[in-house]
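Any value given below was found using the heavy atoms of this structure, including those in side chains, with hydrogens, waters and symmetry copies removed. These numbers were taken from a predicted model, which means no experiment stands behind them.
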Amino acid sequence: MKSNAKGSADVWMLVFRLPESLPIWIELLQKSLHERFGPRFAVWHTDELLFGVRGGELALYDTSGCRRSPPKVVYVRHNTADLRPDHETSLLHHLEQMGVAVFNSLAAHTLCANKVLHLQRLAAAGIPVPDTISYAAVPLGDVVQSPLLPEPCIVKSVRGNCGRAVFLAPQLELLREMHGNIDQRLPLLFQQYISSSRGRTLRILVVDGQLIQSIVFSASAGGLKSNASLGGDTSVCTGRYPEAEEIAIRAAKALGLVFGAVDFLFDEDRFIICEVNANPGWVAKTEDALSSAIADYAVRLLNRTAALP
């Protein structure tokens with residue numbers, strides 16, 4: 001859909017980057033939102049918009065220079081790794097300052113994009129997370145010598161998705177020998193290894209404080225990572241783990257998430273949060289429930305904005 005055909009839609013789906021072919025989850029969301037809002041809905045991509053100040057007022061433009069009225073509601077869809085400080089964050093902040101109801105909010109996206117930030121927030125809210133050590137400016141060579149690191153430990157970049165930049169260090173001595181070969185552009189975190197959950201995670205999807213679905217991910221061939229994008233199997237299990245489902249709703253609230261996926265580890269006799277994603281990928285058997293729940297929330301949010309003085 002070209003910019004000049006979008007009119008003055010008051011509900012947007014804002015997509016980071018312009019893919020050559022839209023993934024299935026974008027197509028499903030677009031269909032659900034269009035069914036709810038018709039011509040009042042439009043899809044915009046971040047590379048189609050300019051923003052700034054004109055005559056002392058915040059302004060929004062398309063790349064042809066046409067000034068655009070801000071929408072009332074924006075649903076943000078992106079991959080975790082695409083949320084760049086000083087790029088997309090500036091656009092989201094601009095929309096929020098124009099009074100647009102953005103979900104998830106910039107604050108929630110920022111917390112979830114950095115694994116350390118959301119673990120900090122969850123721990124402060126009394127929600128169970130693994131023992132974790134990270135750093136700001138200490139050289140990695142010094143960090144790996146610290147007696148605080150668990151052994152064995154899971155090593156992760158503070159940013160990343162789909163299981164990338166994650167590995168198990170079974171022995172600290174091995175980690176100390178190989179640390180010079182690790183990508184150090186971003187800080188790492190060193191996390192307690194929950195052996196009882198090897199190759200198995202529980203994902204719970206929440207929209208507006210309501211449970212949507214629970215799914216167990218299982219790695220194939222005894223692997224460590226259970227991500228569906230890496231070939232893991234999925235099994236819907238909504239209602240089987242009510243304790244985790246209740247914690248997931250609390251976690252989403254603590255992070256300010258309207259829509260999120262809370263990933264749990266199976267820690268012997270309890271559940272412990274591995275991480276939370278503000279924009280998880282779709283998996284089989286979840287698409288319709290999620291796209292419908294997001295569209296329903298957009299309707300409620302638009303009705304709220306219409307009721308404001």
- Within the distance-only criterion (no hydrogens, no angle test), does the side chain of Arg77 pair as donor or acceptor with the backbone N or O of Asn279 below 3.5 angstrom? yes

- Message: Using modelled atom types and a 3.5 Å cut-off, is there a donor and acceptor pairing between side-chain atoms of Glu96 and backbone atoms of Leu106?
- Response: yes

- Note on the structure: Of all heavy-atom pairs linking Tyr61 and Arg67, the shortest is CD2-CA, 3.5 Å

- Message: Going by side-chain contact (heavy atoms from CB on, under 4.5 Å), name the residues that satisfy it together with Ser196, two or more places apart in sequence or in a different chain.
- Response: Ile194, Asp267, Glu268

- Go through the structure and list residues passing side-chain hydrogen bond (donor to acceptor under 3.5 Å, both in side chains) with Asp183, not counting sequence neighbours. Arg185

- Treating Ile, Leu, Val, Met, Phe, Trp and Tyr as nodes and any side-chain heavy-atom pair under 4.5 angstrom as an edge, say whether Trp12 and Val76 lie in one connected cluster. yes

- Item | Set of side-chain hydrogen bond (donor to acceptor under 3.5 Å, both in side chains) partners for His118, sequence neighbours left out | none

- All heavy atoms of Ser218 vs all of Arg200, minimum pair found to be OG-CG, 4.4 Å

- Query: Are any non-hydrogen side-chain atoms of Cys274 and Thr201 less than 4.5 angstrom apart?
  - Reply: no

- Could you list the residues that satisfy side-chain hydrogen bond (donor to acceptor under 3.5 Å, both in side chains) with Ser32, not counting sequence neighbours? Ser291

- Message: Going by side-chain hydrogen bond (donor to acceptor under 3.5 Å, both in side chains), name the residues that satisfy it together with Arg300, two or more places apart in sequence or in a different chain.
- Response: Asp208

- Item | Side chains of Leu14 and Val102 in contact at under 4.5 Å (non-hydrogen atoms) | no

- Message: Membership question, hydrophobic clusters at under 4.5 Å side-chain separation (ILVMFWY): are Val155 and Leu189 in the same one?
- Response: no

- CZ (Arg270) and CG (Leu265) are apart, to the nearest 0.5 Å, by 10.0 Å

Using distance only, find each side-chain donor-acceptor pair of residues 124-141 under 3.5 Å and give its atom names and separation, not counting sequence neighbours.
from   : atom 1 : to     : atom 2 : distance (Å)
Thr132 : OG1    : Pro130 : O      : 2.9
Thr132 : OG1    : Gln191 : NE2    : 3.2
Ser134 : OG     : Leu188 : O      : 2.7
Tyr135 : OH     : Leu188 : N      : 3.1

- Query: When clusters are formed by joining ILVMFWY residues with side-chain heavy atoms under 4.5 Å apart, either directly or through shared neighbours, do Val11 and Leu290 land in the same one?
  - Reply: yes

- Evaluate the side-chain contact (heavy atoms from CB on, under 4.5 Å) criterion for residues Leu95 and Leu60: first the C-alpha distance (whole Å), next the side-chain angles of each, then the deciding distance (0.1 Å), finally the verdict. CA-CA 9 Å; Leu95 290 170; Leu60 191 66; 4.0 Å; yes

- Task: Over all heavy atoms of both residues, which pair between Trp44 and Arg68 is shortest? Give the atoms and the distance, please.
- Result: CH2-NE, 3.8 Å

- Task: Measure across Leu301 and Val73 and return the closest heavy-atom pair with its distance rounded to 0.1 Å.
- Result: CD2-CG1, 3.8 Å

- dist Glu35:CD -> Ser292:OG (nearest 0.5 Å) comes out at 9.0 Å

- Query: Among all residues two or more places apart in sequence or in another chain, which pass the ring-ring contact (aromatic ring centres under 6.0 Å, His included) test with His94?
  - Reply: Phe51

Using atom types as modelled, flag every donor-acceptor pair under 3.5 Å from a side chain in residues 240-262 to any protein atom, sequence neighbours excluded.
from   : atom 1 : to     : atom 2 : distance (Å)
Glu245 : OE2    : Ser214 : OG     : 2.7
Glu245 : OE2    : Gly239 : N      : 2.7

- Item | Exam field: side chain Thr305 to backbone Leu302, donor-acceptor pair closer than 3.5 Å | yes

- Message: Quick check on side-chain contact (heavy atoms from CB on, under 4.5 Å): which of Val116, Leu111, Val276 does Arg121 satisfy it with?
- Response: Leu111

When the side chains of residues 166-180 are checked against the rest of the protein, which donor-acceptor pairs come out under 3.5 Å, sequence neighbours left out?
from   : atom 1 : to     : atom 2 : distance (Å)
Arg176 : NE     : Val144 : O      : 2.6
Arg176 : NH2    : Val144 : O      : 3.4
His179 : ND1    : Arg176 : O      : 2.9

- Message: With a 4.5 Å cut-off on side-chain heavy atoms, are Arg198 and Tyr193 touching?
- Response: yes

- Message: With a 4.5 Å cut-off on side-chain heavy atoms, are Phe37 and Asp10 touching?
- Response: no

- To the nearest 0.5 Å, tell me how far Ile215 CD1 sits from Leu202 CG. 8.5 Å

- Please identify each residue that fulfils salt bridge (charged side-chain N to carboxylate O under 4.0 Å, His left out) with Arg36, with sequence neighbours left out. Asp296

- Query: Quick one: do Leu119 and Phe264 end up in the same hydrophobic cluster if we chain Ile, Leu, Val, Met, Phe, Trp and Tyr together by side-chain heavy atoms under 4.5 Å apart?
  - Reply: yes

- Message: Tell me which pairs pass ring-ring contact (aromatic ring centres under 6.0 Å, His included) where either residue lies in residues 97-117, with sequence neighbours left out.
- Response: Tyr75-Phe103, His78-His109, Phe103-Tyr297

- Item | Closest heavy-atom pair and its distance - Leu49, Thr63 | N-CG2, 4.2 Å

- Message: One pair to check against side-chain contact (heavy atoms from CB on, under 4.5 Å): Asp263 and Ile273. What are the steps and the verdict?
- Response: CA-CA 6 Å; Asp263 291 345; Ile273 291 180; over 6 Å; no

- Query: Under the ring-ring contact (aromatic ring centres under 6.0 Å, His included) test, which residues partner Phe190, sequence neighbours left out?
  - Reply: none

- Message: Do Phe271 and Phe266 make a side-chain contact, defined as non-hydrogen atoms from C-beta onward lying under 4.5 Å apart?
- Response: yes

- Item | Pairwise distance CD(Gln213) to OG1(Thr238) - rounded to 0.5 angstrom | 5.0 Å

- Do Leu58 and Val53 come close enough that some side-chain heavy atom pair is under 4.5 Å? yes

- Item | Nearest-0.5 Å distance, NE2 of residue His93 to CG of residue Asp86 | 12.0 Å

- Message: How close do Ala293 and Ile212 get, counting heavy atoms only, and between which atoms?
- Response: CB-CD1, 3.7 Å

- Task: Working to the nearest 0.5 Å, report the span between CZ of Arg159 and CG of Asn114.
- Result: 5.5 Å

